[in-house]
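This report refers to the structure that appears directly beneath it.
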Amino acid sequence: MKKIGIMGGTFDPIHIGHLLLGQMAYESFALDEIWFLPNGNPPHKDAEVNKKALEHRVNMVELATENVPHFRLSLHEAKIGRHSYTYETMREFNQKYPDTQFYFILGADSLFAIEEWAHFREIFPTCIILAAMRDDKDQDEMKKQIEYLHEKYDARIELLRAPLLEISSTTIRKRAAAHLSISYMVPDAVADYMITNNLYEED
Ligand code: ATP
Ligand code: MG
């Protein structure tokens, strides 16, 4: 049985926090591949602006993953042309790849917000969740939340051990807007892409 990690996100832009989580999941759980899955656009916002932004988000994920053999860009959600939900995507992946065990990789903020996700109960049977610590949540809080979701929904969740990186796409967008360096926070190719395309400058 193949083991595939799914790293979902907005990736606006992708940064080393996302990539390191993917790499740690790959190593710690002996996964075969990690699929980076940029989500489609939310329904609000102007359509043209949205389209362009999606294209940039996807291009940056491509640049960040193209030279890593076990990392792949999945356009499953990006090409749908609307916002898609994790429960739908995971159901579709399970149907399409019946001989694969999926692992959904996420950070603490997502683990603590998961009960707000659409039809979140349907996500749990489709994958094993790998949850990494982030910012203010400590290991005890993480373990309690994992236990709680397991008891209440039979969710299968493992703690994903990874170096703590206090980096977010929000910080990077703000730094870019303030003309501060984003070196070492995103891969060089992504930094170059951001500069060439003047991304986030008027945020
Ligand atoms: P934004 O600031 O725009 O919300 P973000 O950095 O949180 O961006 P997302 O695309 O929202 O990035 O996150 C995708 C997934 O990656 C989420 O599950 C999030 O918890 C996780 N993640 C992002 N950055 C980190 C990090 N530094 N450490 C651990 N998990 C992270
Ligand atoms: Mg986020």
Side-chain angles (χ1 to χ4, degrees), residues 5-29 31 34-42 44-45 49-50 53-65 71 73-78 83-87 89-90 102-118 120 123-124 127-139 141-143 145-146 149 155 157-178 180 182 184-187 190-191 194 199-200 203:
I6 304 292
M7 180 79 218
T10 311
F11 302 126
D12 192 19
I14 189 165
H15 56 69
I16 59 166
H18 301 126
L19 294 158
L20 193 57
L21 243 51
Q23 182 60 27
M24 293 295 113
Y26 174 74
E27 289 175 12
S28 307
F29 294 87
L31 306 184
I34 308 292
W35 295 358
F36 288 80
L37 181 81
N39 53 220
N41 285 322
H44 51 280
K45 274 206 199 170
V49 174
N50 247 345
L54 174 63
E55 200 181 302
H56 286 316
R57 294 193 286 111
V58 166
N59 288 344
M60 289 188 284
V61 175
E62 172 72 22
L63 287 169
T65 55
F71 282 179
L73 161 65
S74 168
L75 294 176
H76 185 88
E77 292 190 348
H83 185 77
S84 38
Y85 295 102
T86 301
Y87 82 93
T89 301
M90 293 315 297
F102 286 98
Y103 293 75
F104 195 86
I105 304 161
L106 42 68
D109 55 317
S110 303
L111 186 71
F112 280 80
I114 203 162
E115 287 171 290
E116 292 153 32
W117 293 13
F120 69 94
I123 298 171
F124 301 133
C127 59
I128 295 169
I129 293 174
L130 305 180
M133 284 166 55
R134 185 178 196 186
D135 300 347
D136 55 332
K137 297 288 183 229
D138 67 26
Q139 196 162 309
E141 289 172 289
M142 290 291 285
K143 285 186 171 159
Q145 178 71 357
I146 289 173
L149 292 169
I157 308 174
E158 304 275 353
L159 190 65
L160 170 58
R161 288 174 203 282
L164 271 181
L165 286 176
E166 217 174 289
I167 289 182
S168 67
S169 302
T170 304
T171 316
I172 292 166
R173 290 194 301 273
K174 283 187 182 154
R175 290 184 64 89
L180 293 169
I182 40 100
Y184 322 118
M185 297 186 172
V186 299
V190 173
M194 284 172 57
L199 293 194
Y200 314 119
D203 272 33

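Ligands are counted one by one from 1 in listed order, and the atoms in each one are counted from 1 as well. The figures that follow rest on heavy atoms only: side chains count, while hydrogens, waters and symmetry mates do not.
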Can a side-chain donor-acceptor contact be found between E27 and Q23 if the only test is distance below 3.5 angstrom? yes
Residues forming a side chain to side chain donor-acceptor pair (under 3.5 Å) with D109, sequence neighbours excluded: R134
Do the side chain of T171 and the main chain of I167 share a donor and acceptor less than 3.5 angstrom apart? no
With sequence neighbours left out, write down each residue that passes ring pair (Phe, Tyr, Trp, His ring centres under 6.0 Å) with H15, or none if nothing qualifies. H18
Under the ring pair (Phe, Tyr, Trp, His ring centres under 6.0 Å) test, which residues partner Y26, sequence neighbours left out? H70
Parallel, tilted or perpendicular for F36 and F71, by the 30°/60° rule? perpendicular
Neighbour list for ligand 1 [protein residues, heavy atom under 4.0 Å]: M7, G8, G9, T10, F11, H15, H18, L21, L106, G107, D109, S110, M133, R134, L165, I167, S168, S169, T170, R173
